[in-house]
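Some notes on the structure that comes next.
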Amino acid sequence: MIRTRFAPSPTGYLHIGGVRTALFCWLFAKKSGGKFILRIDDTDQQRNVEQSLRPILDGLRWLGIDWDEGPEVGGPYAPYYQSQRLEQHRAAVERLLATGAAYHDYATPEELQAEREMAQREKRSFVYSRRFMAETAEQQARFEAEGRRPVVRLKMPREGKLVIDDLVRGQVEFDWAQEQDHVVQRTDGSCLYHLASVVDDHDLAITHVIRAEEHLSNTPRQVFIARSLGYELPEYAHLPYVAEPGSKNKLSKRKLAKYLKNRDFAQRFEHGRKIAQTVGLDTTPEAFNPVIVDFYRQVGYLPEAIINYLALLGWSLDDKTEHFTRQELLESFSLDRVIKSPASFDPAKLWAFQDRHMQQLPIEQKVAMVLPYLQKAQLVTAPPPSNVEPKLATILQAAGDRIKTAGDILEYDYFFLPDDRLHYDDKAFDKRIRKADAAGLLAKFKNQLAAAEPFDTETLEKLMHEFVASEGIKIGRIIHAVRVAATGRSIGLGLFDTLAILGKPSCLRRIDRALERL
RNA sequence: GCCCCCUUCGUCUAGUGGCCCAGGACAUCGGAUUCUCAGUCCGAAGGCAGGGGUUCGACUCCCCUAGGGGGUACCA
């Protein structure tokens with residue numbers, strides 16, 4: 001049984017790169033009927049773990065990356081919080097000490113630093129002299145008499161090689177002599193991450209450690225710990241990290257300002273910000289940032305699109321397949337087709353996936369996605385009046401692929417605004433009505449509309465063509481004017497759909513209002 | 001400094017010695033279609049980091065250089 005884990009720290013947000021790692025772990029486990037475990041590495045978090053974890057848990061759930069064991073779902077290997085496993089970590093350190101794989105060290109930081117600098121000056125790698133190593137009680141007593149306090153260090157091998165068969169990188173070799181005698185337990189008795197991680201992975205029966213490549217260099221010390229503890233080694237797979245748009249630096253939440261200089265990034269951000277603001281969300285970089293998964297949830301992206309995009313960020317099936325459902329991913333994913341080099345996050349490409357997945361979404365589901373945005377913008381009450389959902393379905397039908405994220409519905413607020421609260425875009429009004437000298441035509445066309453029966457798309461289209469023919473004008477002269485009069489804007493859905501959805505009374509009132517405005 | 005990893009169009013990638021004067025996708029730029037917008041269709045431009053080998057033949061194998069990343073913490 002394959003068991004993989006994702007082990008986030010409770011940082012308060014779910015990073016897009018972290019999601020990619022979680023996704024690969026999830027896919028790998030699930031495709032073979034294994035288990036995906038969520039473990040919380042909260043050893044250095046003092047407070048508010050619950051609160052800092054919330055966005056991570058919610059984000060993963062929203063994306064459909066569900067965990068078989070972990071917070072809120074429990075499991076046979078509980079607890080799944082690293083902070084609740086301290087006893088096991090300490091016990092492991094004791095065993096390391098007992099078998100001679102680790103020792104008490106009484107060197108001061110300054111003494112160590114001096115050795116390090118010496119090594120650097122001599123252009124060789126630093127290896128601790130073990131001058132303050134204490135392996136017996138007598139040695140310990142002597143150092144303690146000098147007022148020194150110990151840490152526990154690994155007694156790493158000083159010869160030979162370690163060969164790791166990494167599932168994405170192939171064979172990677174390390175010289176043991178290059179490794180440090182890393183600290184595993186601090187003076188205050190607390191344990192360090194690598195020790196805790198190895199012990200927890202073993203205790204949770206993790207078979208495959210799939211994680212970011214920043215841990216590749218850390219693997220030797222972890223292998224040493226695991227071996228010394230008599231553990232069977234897990235398989236390792238080190239994933240490349242997700243890089244910034246247009247560079248190979250690691251994607252970072254803190255560099256939003258820099259990323260916004262990238263045109264695509266800025267466009268997607270602006271699009272999202274407009275939506276977030278109209279529904280009253282916090283749009284500070286802390287809360288609203290395209291590097292964080294919440295951004296996409298708030299703007300109304302589809303989890304399926306994000307999953308599809310992220311899966312292809314560092315993995316591919318072949319030279320042409322790009323569109324994957326979750327099920328298809330589960331069927332075709334494999335670690336050996338994971339790329340070794342970092343991949344830049346490209347918001348424009350994510351957008352293209354969003355567009356495609358949205359186009360394929362059935363109307364009823366779009367209605368359900370979009371409705372909350374109208375409610376948050378106070379254009380529709382909650383629960384909605386009975387006519388709203390059918391109306392929304394019609395709008396979405398007419399909108400076709402113009403609505404690319406759920407929040408885009410807010411572009412069409414004019415379908416929900418009372419006629420007397422319709423806002424006119426001044427530029428559009430000026431150009432298409434005032435300068436176009438369209439008042440007379442509008443008034444005439446309004447009379448035609450008043451007589452239209454039934455008031456549906458086909459009838460209105462026919463009406464318009466007859467009108468244009470009888471007036472001997474180009475259709476452009478009237479059609480844009482009508483659009484601006486009815487919606488306040490110069491762009492939108494097909495005009496006849498728009499008018500039909502608005503209904504006759506609204507259309508007439510809005511044209512009147514536009515004429516009065518002149 | 002030392003160790004490890006990585007390097008194909010702007011970006012994501014296909015490519016495991018001849019199928020490649022390198023294929024697809026996003027983005028870009030043209031053109032067509034439409035009442036605007038979105039889309040759709042057609043087309044264009046754009047790349048094997050550099051240098052040495054090996055080979056009849058190299059994007060593919062080897063070496064070197066350069067660039068990027070990670071580790072080298074009583075961080076995770």
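Worth saying up front: this structure is predicted, and the values here are computed from it rather than measured. Letters A, B, ... are given to chains in the order of the sequence lines, protein chains preceding strands, and every chain is numbered from 1.
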Sugar-phosphate, base or nothing in reach of A:Glu173, heavy atoms under 4.0 Å: sugar-phosphate

Identified pairing partner of B:U60, criterion: Watson-Crick or G-U wobble below 3.5 Å: none

Within the 6.0 Å centroid threshold, strictly below: A:His215 and A:Tyr193: yes

From CG (A:Leu442) to CD1 (A:Ile511), nearest 0.5 Å: 6.0 Å

Gap between atoms CD and P, on A:Glu213 and B:C5 respectively (whole Å): 11 Å

Sugar-phosphate only, base, or nothing, as touched by A:Ser344 at under 4.0 Å among non-hydrogen atoms: sugar-phosphate

For atom CD of A:Gln185 and atom P of B:C74, their distance in whole Å: 14 Å

A:Asn249 vs B:G69: side-chain N/O to OP1/OP2 distance below 4.0 Å: yes

Pairwise C1' distance, B:C74 and B:C12 [rounded to whole Å]: 42 Å

A:Lys258 atom NZ, neighbour heavy-atom count above 12 within 6.0 Å: yes

Cation-pi, A:Tyr81 ring and A:Arg85 (6.0 angstrom, 45 degrees): no

Side-chain donor/acceptor of A:Thr187 to base of B:C74, under 3.5 Å: yes

Residue whose closest nucleotide on RNA chain B lies nearer the 5' end, A:Ser125 versus A:Pro245: A:Ser125

Crowding at CD, A:Glu122 (>12 non-hydrogen neighbours, <6.0 Å): yes

Euclidean distance, atom NZ of residue A:Lys123 to atom P of B:G1 [Å, nearest integer]: 7 Å

Touch class at under 4.0 angstrom, heavy-atom based, for A:Val172 against every strand present: sugar-phosphate

For B:A22, the Watson-Crick or wobble partner whose two distances fall under 3.5 Å: none

Nucleotides 24-36 of chain B: protein proximity per nucleotide (B base, S sugar-phosphate only, - neither; heavy atom, under 4.0 Å): BBSSS------BB

Nearest-Å distance once atom P is located in both B:C64 and B:C29: 44 Å

Touch class at under 4.0 angstrom, heavy-atom based, for A:His215 against every strand present: base

Rounded interatomic separation in angstrom, taking OH from A:Tyr259 and C1' from B:U11: 15 Å

Nucleotide paired to B:U34 in any strand shown, Watson-Crick or G-U, under 3.5 Å: none

Touch class at under 4.0 angstrom, heavy-atom based, for A:Asp188 against every strand present: nothing

A:Pro8 side chain near A:Leu38 side chain, heavy-atom distance below 4.5 Å: yes

Whole-angstrom distance between B:G69 and B:G31, as gauged at atom P: 41 Å

Between B:G18 and B:U28 - C1' atom distance, rounded Å: 34 Å

Side-chain N,O (A:Arg148) to OP1/OP2 (B:C74) below 4.0 Å: no

Span that lies between the C1' atom of B:C21 and that of B:U8, in whole angstrom: 16 Å

Geometric cation-pi criterion, A:Lys253 with A:Tyr13: 6.0 Å, 45°: yes

Rounded distance [0.5 Å steps], CZ in A:Arg20 versus CZ in A:Phe345: 11.5 Å

A:Arg158, CZ atom: more than 12 neighbouring heavy atoms under 6.0 Å: yes

A:Phe174 side-chain proximity, nearest of B:C12, B:C4, B:G39: B:C4

Atom-pair distance (CD on A:Glu244; C1' on B:C12), nearest Å: 16 Å

Under 3.5 Å on both distances, the Watson-Crick or G-U partner of B:G67: B:C6

Whole-angstrom distance between B:G15 and B:C48, as gauged at atom C1': 10 Å

Side chain of A:Ser341 - closest among B:G39, B:U72, B:U7: B:U7

Spacing of the P atoms in B:G51 and B:A45 (rounded, Å): 25 Å

Pairwise C1' distance, B:U16 and B:C75 [rounded to whole Å]: 40 Å

Distance below 4.0 Å between A:Lys404 side-chain N/O and B:C37 OP1 or OP2: no

Between B:U72 (C1') and A:Tyr128 (OH): distance, integer Å: 17 Å

Sugar-phosphate only, base, or nothing, as touched by A:Tyr241 at under 4.0 Å among non-hydrogen atoms: sugar-phosphate

Touch class at under 4.0 angstrom, heavy-atom based, for A:Asp318 against every strand present: sugar-phosphate

Given A:Lys274, A:His271, A:Arg402, the one that forms side-chain hydrogen bond (donor to acceptor under 3.5 Å, both in side chains) with A:Asp408: A:His271

Integer-rounded Å distance: B:U16 C1' and A:Lys340 NZ: 10 Å

A:Arg221 side chain, from C-beta outward: closest of B:U72, B:U13, B:C74: B:U72

A:Asp175 vs A:Ala343, nearer the 5' end of RNA chain B by closest nucleotide: A:Asp175

Minimum-distance nucleotide (side-chain atoms of A:Thr43 versus B:C6, B:A76, B:G39): B:A76

Nucleotide opposite B:G43 in a Watson-Crick or G-U pair, distances under 3.5 Å: B:C29

Sugar-phosphate only, base, or nothing, as touched by A:Lys250 at under 4.0 Å among non-hydrogen atoms: nothing

Heavy-atom neighbours of A:Lys431 NZ exceed 12 at 6.0 Å: no

